Amino acid sequence: MTIYIGNLSYQATQQDVEEIFNDYGSVKRVQLITDRETGRMRGFGFVDMSDEDEEDNAIENLNGATWMGRALKVNKARPRENRSGFRS
DNA sequence: GCTGAGCGT
């Protein structure tokens, strides 16, 4: 499952979020969204975990938590459009 | 190039 992270530090890195989420569960993949052209962080990212229990635990614990001086926002990420070409 | 919306190749 993918978790949405918002209001995070521009100086934050994937390994930072990775170890933080790893403390609440087993994070599989951390994807911080950065600008495709400039390469600067957009201020949000996504975390993929193994079990929903861990992700829910991480969300409940990391959501609204003050990280790097800012209120970290963690919530369930929206299912991205399926590249298969199908649409609801 | 030093920002602030929040959902991605």
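In what follows, chains are A, B, ... by sequence order, proteins preceding strands, each numbered from 1. These numbers come from a predicted model, not from an experiment.
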message = Any side-chain to backbone donor/acceptor pair from A:E54 onto A:S26? Under 3.5 Å, distance only.
response = yes
Determine whether a donor-acceptor pair (N or O, by modelled atom type, separation under 3.5 Å) exists between the side chain of A:N7 and the backbone of A:K73. no
Closest non-hydrogen contact found for A:M49 with A:I3 is SD-CD1, 4.1 Å
Rounded to whole Å, CE of A:M41 lies from P of B:dG1 at a distance of 19 Å
Rounded to whole Å, the CZ-C1' distance (A:F44 to B:dT3) equals 13 Å
From CZ of A:R78 across to C1' of B:dG8 the rounded distance in Å is 12 Å
Task: base_contact_polar (B:dG4 base, A:R40 side chain, donor-acceptor, <3.5 Å) - done: no
So, do A:W67 and A:I20 sit near enough that their side-chain heavy atoms are less than 4.5 Å apart? yes
A:E37 atom CD is separated from B:dG1 atom C1', nearest whole Å, by 14 Å
Per the under-4.0 Å heavy-atom filter, residues of residues 13-24 of chain A near DNA chain B come out as none
What one should report as the nearest heavy-atom pair of A:S9 and A:M68 is CB-SD, 3.5 Å
Only one of A:L62, A:I59, A:D56 passes side chain to side chain contact (heavy atoms under 4.5 Å, CB included) with A:Y24, and that residue is A:L62
Between CG of A:D35 and P of B:dG4 the distance, given in whole Å, is 14 Å
Query raised in the report: With sugar-phosphate meaning primed atoms plus P, OP1 and OP2, does A:T2 contact a base, only sugar-phosphate, or nothing at under 4.0 Å between heavy atoms?
Result: base
### Message
Using a 3.5 Å distance criterion without hydrogens, assess whether the side chain of A:D35 forms a donor-acceptor pair with backbone atoms of A:R40.
### Response
no
Judged by nearest nucleotide, the residue sitting upstream toward the 5' end of DNA chain B, A:G6 or A:R36, is A:G6
Tightest non-hydrogen contact, residues A:A65 and A:N61, listed as CB-O, 3.6 Å
From the list A:Q15, A:M41, A:R42, side chain to side chain contact (heavy atoms under 4.5 Å, CB included) with A:L32 holds only for A:M41
Its glycosidic angle compared against 90° from 0, B:dG6 adopts the form syn
A:R42 CZ to B:dC7 P, in whole Å, measures 9 Å
* Check: B:dG8 base within 3.5 Å donor-acceptor of A:Y4 side chain -> no
- Heavy atoms under 4.0 Å, any strand shown: does A:L8 hit a base, just sugar-phosphate, or nothing? base
To the nearest angstrom, the CD1-C1' distance between A:I33 and B:dG8 comes to 4 Å
Ranking B:dG6, B:dG8, B:dG4 by distance to the side chain of A:R70, first place goes to B:dG4
Rounded to whole Å, CD of A:Q31 lies from C1' of B:dC7 at a distance of 13 Å
Hits for side-chain contact (heavy atoms from CB on, under 4.5 Å) against A:D48, two or more places apart or cross-chain, chain-then-number order -> A:T2, A:K28, A:R29
Counting only Watson-Crick and G-U wobble pairs with both atom distances below 3.5 Å, the stems of 3 or more consecutive pairs that include DNA chain B are none
